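All of these numbers come straight from a predicted model, not from anything done at the bench.
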Amino acid sequence: QVQLVESGGGLVQSGGSLRLSCAASGSGSRIVPMAWYRQAAGKQREMVAFIASSGDTNYADSVKGRFRISRENAKNTMYLQMTSLTPDDTAVYYCNAAGTVWYTRGILTYTASTDWGQGTQVTVSS
């Protein structure tokens, strides 16, 4: 079981930047695959980015080149640096840990576990 706490959300103008953090704790929190998801109002939760235990990463097409996922293993913390934000990035951002990383048709893929944080709201104004 992994406990996850997100922070860093807020209100930012279009074109601005934010950095989200996800602190992991618990017996299952040692270097495990982790991911960021987001859920906009009235929409399904979608994967934004993930980072494997190896450090390999993958991103949703909508955020490639704008968002960067990283982790600091010594602190059991994952980050999401978000730049060039647009109103379409407005959502509650959730952290997920200990999911399954696998290759499908040569593409690194992440399947979420049941370990979720409480979410942090990101609002981008136009």
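Counted within 6.0 Å of CD on Gln13, heavy atoms from surrounding residues, nucleotides or ligands total 12 or fewer; the atom is thus considered open.
With sequence neighbours left out, Arg19 forms a side-chain hydrogen bond (donor to acceptor under 3.5 Å, both in side chains) with no residue at all. In this structure Ser84 satisfies the side-chain contact (heavy atoms from CB on, under 4.5 Å) test together with Arg66, sequence neighbours excluded. For Tyr37, the ring-ring contact (aromatic ring centres under 6.0 Å, His included) partners are Trp116, not counting sequence neighbours. Annotation: side-chain contact (heavy atoms from CB on, under 4.5 Å) contacts of Thr109 (sequence neighbours excluded): Trp102, Thr104, Ile107. Residues satisfying the side-chain hydrogen bond (donor to acceptor under 3.5 Å, both in side chains) test with Tyr110, not counting sequence neighbours, are Asn96. Listed by chain and residue number, nothing satisfies the salt bridge (Lys or Arg N to Asp or Glu O under 4.0 Å) test with Lys43 (two or more places apart in sequence, or in another chain). Taking the side-chain hydrogen bond (donor to acceptor under 3.5 Å, both in side chains) definition, one finds that Asn58 meets it with nothing, sequence neighbours left out. Partners of Thr77 under the side-chain contact (heavy atoms from CB on, under 4.5 Å) rule, at least two apart in sequence or in another chain, are Ser21, Ala23, Lys75, Tyr79. Partners of Ser14 by side-chain hydrogen bond (donor to acceptor under 3.5 Å, both in side chains), not counting sequence neighbours: none found. A search for side-chain contact (heavy atoms from CB on, under 4.5 Å) contacts involving Gln44 returns nothing, not counting sequence neighbours.
Val101 and Ile69 are assigned to two separate hydrophobic clusters, defined by single-linkage of ILVMFWY side chains at heavy-atom distances under 4.5 Å. Both Ile51 and Leu18 are part of a single hydrophobic cluster, where members link through side-chain heavy atoms under 4.5 Å apart. Residues Tyr59 and Val122 share a single hydrophobic cluster, defined by chaining ILVMFWY side chains whose heavy atoms lie under 4.5 Å apart. No continuous path of hydrophobic side-chain contacts links Val2 to Met47 [ILVMFWY only; heavy atoms under 4.5 Å].
Using modelled atom types, no side-chain atom of Arg68 and backbone atom of Thr83 make a donor-acceptor pair closer than 3.5 Å. A donor-acceptor distance shorter than 3.5 angstrom exists from the side chain of Ser113 to the backbone of Ala97, with no hydrogens or angles considered. A side-chain donor-acceptor contact under 3.5 Å links Glu6 to the backbone of Gln118.
Closest of all the heavy-atom pairs between Ala98 and Asp115 is CB-OD2, 4.4 Å. Contact detail for Ile31 and Ser53: the closest heavy-atom pair is O-OG, 3.3 Å.
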Open item on the list: Between Gln121 and Thr123, does the side chain to side chain donor-acceptor pair (under 3.5 Å) criterion hold? Intermediate values first, please.
Closed with: CA-CA 6 Å; Gln121 176 72 46; Thr123 303; 3.3 Å; yes
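Pairs of residues two or more places apart, or lying in two chains, that qualify as salt bridge (Lys or Arg N to Asp or Glu O under 4.0 Å) and include a residue from residues 45-58 are Arg38-Glu46. Residue pairs satisfying the disulfide (SG to SG under 2.5 Å) criterion with at least one member in residues 33-101, sequence neighbours excluded, are listed as follows: Cys22-Cys95.
Side-chain atoms of Asp89 and Met82, non-hydrogen and from C-beta on, never get closer than 4.5 Å to each other. When side chains are defined from C-beta on, Tyr94 does not count as touching Leu4, because their heavy atoms never get closer than 4.5 Å. Within the 4.5 Å cutoff, the side chain of Leu80 has no heavy atoms near those of the Met78 side chain.
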